[in-house]
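In each ligand, atom 1 is the first atom listed, and ligand 1 is the first ligand listed. For reference, positions follow the sequence shown, starting with 1.
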Amino acid sequence: MFSIFPDAASIAECVSATLIEKIERKPEAVLGLATGGTMEPVYASFVARARERRLDVSRLTSFNLDEYVGLDGEHPKSYSAYMRHHLFRHLRFDRSRLHLPDGLAPDLEAHSREYSDRLRQCGDADLQLLGVGGNGHIGFNEPGTPFDSRCRVVELSERTRLDNSRFFEGNAMVPTLAITMGMVEIMQAREILLIATGEAKAPIVAEWYRNEVTQAIPFTILKRHPRARVLVDEAAASLLPDSVRYSPTALSA
Ligand code: F6R
């Protein structure tokens, strides 16, 4: 369930190859999608391969993990804009099958429930892509999130707002609330690929390795999923014990 790759580019190649293979086998697959810096090379690689192979993506359904509250889909920092920019505009998706939470929904709680129900009706994700926050969050499920949490509105931690301020003009511009899929929707996916790249993720990857499943480090929950893989590059693996770094298969059991 754990693999170390030389760099982010080789993880992107591996994940995009997995995506292509899944979609060729099941063109009507349901994908759970993430945003953030980690996913950019993944989508770039996927778009290039999909074009090369003239992959039919028109029957795919997707559900994004999260969206900021208060930003409309046209806002350049919204996750909706991110998805259009990095993925959706490049291939012939059926837009009606692409789902993102609506950060401007008049009743955010009702909208969150509907989003969760819609995912269920579509049969849950065949494959869920995840990045991980520097504090171990997945989606925007911050440390301490109960494992039975569902799609809902959450307050972003100061750490997350600071980490994400690199995408905004300063920390004060980062929204304080978001809608996120909960731990339940994430764990319902049939297969999960979590990617952690870069030195900044090394401390939390080492914590993940050292700890049993704990709500204090949300992505430890993946240790309970029968088909979850954690893919890290050498930089993100740099604080793991040498015995693991030089023999990653030690963790595969
Ligand atoms: C994004 C998401 C977040 C990010 C995480 C890592 O949709 O759900 O959990 O995956 O914050 O972000 P980056 O990749 O920017 O380090």
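- Counting heavy atoms only, Gly139 comes closest to atom 9 (O) of ligand 1 of the residues Gly133, Gly36, Gly139, Gly37.
- The protein atom (non-hydrogen) at minimum distance from atom 5 (C) of ligand 1 is His137 NE2, 3.4 Å.
- When Ala34, Gly131, Ala178 are ranked by how near their heavy atoms come to atom 10 (O) of ligand 1, first place goes to Gly131.
- Heavy atoms of Arg166 approach ligand 1 to within less than 4.0 angstrom.
- The closest side-chain donor-acceptor pair between Ser10 and Asp7 falls under 3.5 angstrom.
- Of the N or O atoms in Tyr79, none lie within a sub-3.5 Å distance of an N or O in ligand 1.
- Looking only at heavy atoms of the protein, atom 14 (O) of ligand 1 is closest to Thr38 OG1, 2.4 Å.
- Close to ligand 1: Lys201, with a non-hydrogen atom less than 4.0 angstrom away.
- Scanning the protein for heavy atoms near atom 8 (O) of ligand 1, the closest one is Asp66 OD2, 2.6 Å.
- At a heavy-atom cutoff of 4.0 Å, ligand 1 is contacted by no atom of Thr160, backbone or side chain.
- With a 4.0 Å cut-off on non-hydrogen atoms, Leu65 touches ligand 1 through its side chain and not its backbone.
- In this structure the side chain of Arg152 reaches within 4.5 angstrom of the side chain of Asn141, judged on heavy atoms.
- Between Ile204 and Ile217, the closest side-chain pair of non-hydrogen atoms falls below 4.5 Å.
- Checked against side chain to side chain contact (heavy atoms under 4.5 Å, CB included), Thr35 has the following partners two or more places apart in sequence or in another chain: Asn64, Asp66, Tyr79, Tyr82, Met83.
- Between His99 and Tyr115, the ring planes lie perpendicular to each other; the angle is over 60°, past the 30° to 60° tilted range.
- For atom 1 (C) of ligand 1, the closest heavy atom belonging to the protein is Thr35 OG1, 3.1 Å.
- Arg84 and Ser80 form a side-chain donor-acceptor contact under 3.5 Å, judged by distance and modelled atom types alone.
- Looking at Phe167 against ligand 1, only its side chain comes within 4.0 Å, counting heavy atoms.
- By the 4.5 Å heavy-atom criterion applied to side chains, Val154 and Thr145 are not counted as neighbours.
- Rounding to the nearest 0.5 angstrom, the gap separating the CG atom in Leu98 from the CZ atom in Phe93 is 6.5 Å.
- Scanning the protein for heavy atoms near atom 6 (C) of ligand 1, the closest one is Val132 O, 3.4 Å.
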message: If you apply the rule side chain to side chain donor-acceptor pair (under 3.5 Å), what do you find for Arg161 with Ser165, and how did you get there?
response: CA-CA 6 Å; Arg161 294 186 66 237; Ser165 63; over 6 Å; no

